[in-house]
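Bear in mind that the values here come from a model prediction, so they are computed numbers and not experimental data.
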Amino acid sequence: MIDRYTTQAMTAIWSRQAKYQRWQDVEVAIVEAHAELGAVPTEALEEVRSRSAFDLKRCDEIELETRHDLMAFVRNLAENIGESGRYVHLGVTSYDVIDTALGIMLRDSCDVLIASAKALGEEIKRLSKEHEHTVEIGRTHGIHAEPITFGFKCANWYAELSRNIERLEQARVDVAVGKVSGAVGIHAITSPELESLVCAKLDLNPDPASTQIINRDRHANFLNVLALMGAGLERIATELRNLQRTEILEVQEAFAAGQTGSSAMPHKRNPWNSETVCGLARLLRGNAHAMVESVATWHERDLTNSSLERIVFPDSCHLADFMLKRLTAILKGLQVFPATMERNLRQMGDLVFSEHVMIALIHAGMSRESAYKVAQRNAAKAWDGCDFKTSVASDPEVRERLTPEAVEELFSLKHHLRNVGHTLTASGIFK
């Protein structure tokens, strides 16, 4: 991943140094388990623990010969440990180490992402509470529909994000597994007992039925969870982009003094942060697709998954964390313009209450088709410049069925928005 979209938290997990450290943790845990089962002398274990170390430059030198990064690493560990180095990697295959280390890295990545997602949730919650009663027009197909509040819109975002956090928490359980089951997973050299000991030391669960690798359905699910979360972040960012359009301008991203919106047009304030989130969401989806393609292998293992995983795992984790943090920063600095929201709401006069008129006439005994026609013909007059509320109130068929007081309530924003609090409570904004 290019530096522009990395995060410190993910670099601490996915850098090459960090990955090799996890390999070392697994190799030492395997020796410890062997010692507990009596296969490695206590003195040798202590030597492994105290002298185990690696150097990336030396690993690269050895890899020129081995053409195998894990075995280069193992040889580097062994030469640093000395005589007891012969007990390193005892009875295991490369992916006993690689996949078990991967389980740790994915588990820890989930922890980072869950924390970042919860931080975003707090910003959404803040906006929702602050703007519970900030009225704006709801839009369908890009066209004015009915009034909502900005707090209601935010509550919808929060509910979706909460579901994505739940999916991440479940994915964490799914990927936090290890394996020390040998070359084809049959425990021919190592035992299930040793595997359980190793996994317990690393706070992982042993995979119940591995081959040479842990089956990639777990990993494909994880990346699909990230892709789905990314789609949710894109949905929020897309809404923010639309609300910042010049002719709408109900919100605006923070714009710093001296910031450049356009190299050619000094007046521009573009929603570039939101656009960045939308662009990166596409990469998450592409990476998830690639991982789904890696679920199938030839027999008990082939190498088709290895190359792409070196890209899609770290990149997706970096991107997802970057997107969460970027959207959190956007919302922290977001300018909300209630007066513009209300002005936009009033652009169509009271036409946005047309459904209330139709429903009231149905309740008053009119057929749905007839009620629709009454509301529609008065709406048509409004399109020609007449006041919709006045037209409805003076319509003979309306006056025949509804009192002036009843008509007045049909055009009441307070009445229309009376259940907003329910949505904020149900979505978890108010607890």
Side-chain angles (χ1 to χ4, degrees), residues 1-2 5-7 9-27 56 59-60 63 66-74 92-113 168 171-181 183-185 202 204 207 210-230 280 282-322:
M1 175 50 58
I2 63 173
Y5 301 123
T6 59
T7 69
M10 287 303 177
T11 298
I13 295 171
W14 290 101
S15 71
R16 188 181 175 204
Q17 181 72 32
K19 180 173 75 170
Y20 278 37
Q21 182 58 57
R22 288 307 190 187
W23 286 359
Q24 179 178 321
D25 294 342
V26 175
E27 292 284 9
L56 294 179
C59 289
D60 289 342
E63 191 177 345
T66 64
R67 307 289 181 92
H68 193 294
D69 56 355
L70 192 280
M71 283 317 300
F73 166 79
V74 169
V92 297
T93 191
S94 299
Y95 263 76
D96 286 332
V97 177
I98 292 172
D99 267 5
T100 302
L102 180 61
I104 299 170
M105 295 161 72
L106 292 176
R107 177 200 67 200
D108 293 349
S109 295
C110 284
D111 289 339
V112 170
L113 292 171
L168 268 175
R172 183 192 188 280
V173 175
D174 212 28
V175 297
V177 295
K179 62 140 318 209
V180 191
S181 56
V184 291
L202 301 170
L204 299 173
D207 189 278
S210 57
T211 60
Q212 189 179 97
I213 61 174
I214 291 170
N215 290 8
R216 261 40 193 174
D217 62 297
R218 297 177 183 274
H219 310 81
N221 176 65
F222 170 68
L223 290 192
N224 273 283
V225 167
L226 295 194
L228 188 57
M229 182 179 71
L280 297 182
R282 299 166 186 172
L283 287 175
L284 286 181
R285 290 193 287 274
N287 288 350
H289 175 77
M291 196 63 231
V292 170
E293 295 293 320
S294 289
V295 173
T297 62
W298 284 17
H299 306 298
E300 279 60 56
R301 171 80 209 282
D302 62 38
L303 204 61
T304 52
N305 66 295
S306 176
S307 54
L308 76 92
E309 289 178 5
R310 295 172 189 267
I311 299 170
V312 298
F313 289 148
D315 281 16
S316 295
C317 290
H318 273 294
L319 289 171
D321 196 39
F322 178 90

Mind listing the closest non-hydrogen atom pair of [X] and [Y] along with its distance?
X      : Y      : result
Leu284 : Ala227 : O-CB, 3.8 Å
Asp25  : Leu202 : O-CD2, 4.1 Å
Gly178 : Thr100 : CA-OG1, 3.7 Å
Ser210 : Ser181 : OG-OG, 2.7 Å

Legend entry - His68 atom NE2, neighbour heavy-atom count above 12 within 6.0 Å: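 Atom NE2 in His68 is packed in, count exceeds 12.
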Would you say [X]'s side chain and [Y]'s backbone share a donor-acceptor pair under 3.5 angstrom?
X      : Y      : value
Lys19  : Ile13  : no
Thr7   : Met10  : yes
Asn224 : Ala220 : yes

Restricting to side-chain hydrogen bond (donor to acceptor under 3.5 Å, both in side chains), what partner residues turn up for [X], sequence neighbours left out?
X      : answer
Asp108 : Arg22
Tyr20  : Arg16
Thr6   : none

Let me confirm one number: the [atom1]-[atom2] distance from [X] to [Y], rounded to the nearest 0.5 Å.
X      : Y      : atom1 : atom2 : value
Thr93  : Arg301 : OG1   : CZ    : 8.5 Å
Arg285 : Leu223 : CZ    : CG    : 14.0 Å
Asp174 : Phe222 : CG    : CZ    : 11.0 Å
Cys317 : Leu226 : SG    : CG    : 6.0 Å

Legend entry - Pairs meeting criterion salt bridge (Lys or Arg N to Asp or Glu O under 4.0 Å) with involvement of residues 286-297, two or more places apart: none
Can you name the salt bridge (Lys or Arg N to Asp or Glu O under 4.0 Å) partners of [X], sequence neighbours left out?
X      : answer
Arg282 : none
Asp302 : none
Arg172 : Asp111

Taking distance alone, no hydrogens or angles, what donor-acceptor pairs closer than 3.5 Å link side-chain atoms of residues 307-316 to residues at least two apart or in another chain?
unit_1 : atom_1 : unit_2 : atom_2 : d
Glu309 : OE1    : Arg216 : NH2    : 2.9
Glu309 : OE1    : Asn305 : ND2    : 3.3
Glu309 : OE2    : Arg216 : NE     : 2.8
Glu309 : OE2    : Asn305 : ND2    : 3.0
Arg310 : NH1    : Asp69  : OD2    : 3.0
Arg310 : NH2    : Asp69  : OD2    : 3.2
Asp315 : OD1    : Met1   : N      : 3.1
Ser316 : OG     : Asn287 : ND2    : 3.0
Ser316 : OG     : Val312 : O      : 2.7

Please list, chain by chain and in numerical order, all residues satisfying side-chain contact (heavy atoms from CB on, under 4.5 Å) with [X], sequence neighbours excluded.
X      : answer
Leu283 : Leu280, Leu319
Thr211 : Ile213, Asn215, Glu300
Val177 : Asn205, Asp207, Ile214, Arg218
Ile98  : Trp23, Leu70, Ser94, Tyr95

Inset, instruction - Apply the test salt bridge (Lys or Arg N to Asp or Glu O under 4.0 Å) to residues Asp99 and Lys179: give CA-CA distance (whole Å), side-chain angles for both, the deciding distance (0.1 Å), then the verdict. - result: CA-CA 7 Å; Asp99 267 5; Lys179 62 140 318 209; over 6 Å; no
Legend entry - Heavy-atom check, side chain of Glu63 versus side chain of Phe73, under 4.5 Å: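 SC-SC contact between Glu63 and Phe73 ruled out.
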Legend entry - Heavy-atom side-chain proximity of Val26 to Ile104 below 4.5 angstrom: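 They are in contact (side-chain heavy atoms under 4.5 Å apart), so the answer is yes.
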